[in-house]
Amino acid sequence: MSDSIALLGVKGGPAIRPGSNMPTAMLLKLAGKTILVDAGLGVTRGICDQGVALTDIDLIVITHLHSDHYLELGPFFHTAWTAGLNRTIPVIGPKGLDAYWTGFQDSMRFDIDLRIRDEGRCDFASLADIQIIDDTMTFDTITLRTMRNIHPPITDTFALRFEAKGKAVVLSGDTAYMPQMADFAKDADVLVHEAMLRDGVEALCARMTNGDERLRTHILRSHTDAADVGRIARDARVRQLALNHFVPDGDPDFTDQHWEAEVRTHWDGPLFLGKDGMKITL
């Protein structure tokens, strides 16, 4: 199994519309392990589309508790369970993720109990071992380092650095511009960083029918301009840069050329403009 990262969903925010990508999820293969990072809507289908069985996931990491990053965590487990999952998967995430896990089971109690009784399924609750994310964690030969990023009003929100056998993969999570991200991502084989176009945000908010000025304020203070993403990649001297969590996404007025022009103001290295299902070799 070659080391790679697949961008299962690259859209910023939970809403989907005709022409849009799906919300955030990534599938990392590193040092013989298969790791799911975030679990936005569509993640279960996205894993299968990579040719990976749901029962083959070794570890799950959730960066923060915005719905576009964990909405489908429970449904993933339920679907994997019906597909044959019968072992525990560690799930690392912020405080409060355990309440989601309990609530999901409560919401599906009739079906879960019925399938255990009627179909002989294994215990469902034990499938996820919910652990609170820490500064440094190890999983087999993989080291996970975390950095608290800037994504107000949430404070338990993290960038991730996976290291194993001389390779490093850095995922920004959702964050405003952080110069210290360059140090965190130093010499990484790939940096996957969220990105925003300010003009696109204005267009997005102008079309919004069930939000107000607070949405615009949140987006602008909580995400990173595409040009600054290029600046981070340059300063970190990463080998490859990939964009994900696009804000906006699916707007025909903002094309790949707009995104690339912004990033290229500072970055002249290998660049991937993320699309659902895109796979990058490490």
Main-chain N/O of Asp253 paired with Asp251 side-chain donor or acceptor, under 3.5 Å: yes
Ring centres under 6.0 angstrom apart (His245, His223): yes
Atom of Thr55, atom of Arg87 and distance for their closest heavy-atom approach: O-NH2, 2.6 Å
Short side-chain donor-acceptor distance under 3.5 Å, Asp174 and His69: yes
Side chain to side chain, Leu30 and Leu282, heavy atoms closer than 4.5 Å: yes
Distance-only donor-acceptor check, side chains His151 and His66, under 3.5 Å: yes
Tyr100 (side chain) donor-acceptor with Leu65 (main chain) under 3.5 angstrom: no
Pair Lys11-Asp276, salt bridge (charged side-chain N to carboxylate O under 4.0 Å, His left out): steps then yes or no: CA-CA 8 Å; Lys11 182 189 181 298; Asp276 287 2; over 6 Å; no
ILVMFWY network linking Phe139 to Val37, side-chain heavy atoms under 4.5 angstrom: yes
Side-chain H-bond candidate by donor/acceptor type, Thr63 with Asp38, under 3.5 Å: yes
Closest approach of Thr155 to Arg148 (non-hydrogen atoms, all atoms of both residues): O-NH1, 2.9 Å
Transitive ILVMFWY side-chain link Ile57 to Trp81, under 4.5 Å: yes
Flag, side chain of Arg237 to backbone of Ala188, donor-acceptor distance under 3.5 Å: no
Pair Asp268 + Arg264: basic N to acidic O under 4.0 Å: no
hydrophobic_cluster_shared for Ile280 and Phe162, side chain cutoff 4.5 Å: yes
Nearest-0.5 Å distance, CZ of residue Phe77 to CE of residue Met108: 14.5 Å
Atom pair OG1/NZ of Thr141 and Lys33 - distance to nearest 0.5 Å: 7.5 Å
His78-Asp111 side chain donor-acceptor pair, cut-off 3.5 Å: yes
Distance (rounded to the nearest 0.5 Å) between Asp135 CG and Arg145 CZ: 10.5 Å
Co-members of Leu114 in a cluster of I, L, V, M, F, W and Y side chains, linked at under 4.5 Å: Phe110
Atom pair CD1 (Ile47) and CG (Leu8), whose distance is rounded to the nearest 0.5 Å: 6.5 Å
Heavy-atom pair of closest approach, residues Pro14 and Pro23: O-CG, 3.9 Å
Name of the residue among Lys29, Lys167, Lys165 meeting salt bridge (Lys or Arg N to Asp or Glu O under 4.0 Å) with Asp3: Lys167
Other residues, nucleotides, ligands: >12 heavy atoms within 6.0 Å of Asp113 CG: yes
Over 12 foreign heavy atoms within 6.0 Å of NZ, Lys95: no
Cluster link Met278 to Leu27, ILVMFWY, side chain under 4.5 Å: no
Leu7 backbone acceptor or donor facing Lys275 side chain under 3.5 Å: no
Atom pair CD1/CG of Ile133 and Leu160 - distance to nearest 0.5 Å: 5.5 Å
Sidechain-backbone polar pair: Gln131 side chain, Pro90 backbone, donor-acceptor under 3.5 Å: no
Closest contact, heavy atoms only, Asp68 versus Gly13: OD2-N, 3.1 Å
Glu72 side chain to Thr44 side chain, donor-acceptor N/O pair below 3.5 angstrom: yes
Any donor-acceptor pair under 3.5 Å from Ser222 side chain to Pro152 backbone: yes
Sub-6.0 Å ring centroid separation between Trp101 and Tyr70: no
Taking every non-hydrogen atom, the tightest pair across Ala80 and Leu54: CB-CB, 3.8 Å
Shortest non-hydrogen separation from Val91 to Ala128 and the atoms involved: CG2-CB, 4.0 Å
Single-linkage hydrophobic cluster, 4.5 Å side-chain cutoff, Ile62 and Phe104 together: yes
Trp259 and Phe246: CA distance, side-chain angles, deciding distance, ring pair (Phe, Tyr, Trp, His ring centres under 6.0 Å) verdict: CA-CA 9 Å; Trp259 292 100; Phe246 291 87; 4.8 Å; yes
From CG (Leu36) to CE (Met26), nearest 0.5 Å: 9.0 Å
Under 3.5 Å donor-acceptor, Asp98 side chain and Ile130 backbone: no
Gln240 side chain to Thr281 backbone, donor-acceptor under 3.5 Å: yes
Polar side-chain atom of Thr157 near backbone of Ile154 as donor-acceptor pair, under 3.5 Å: no
No-hydrogen, no-angle side-chain donor-acceptor test under 3.5 Å, His64 and Asn149: no
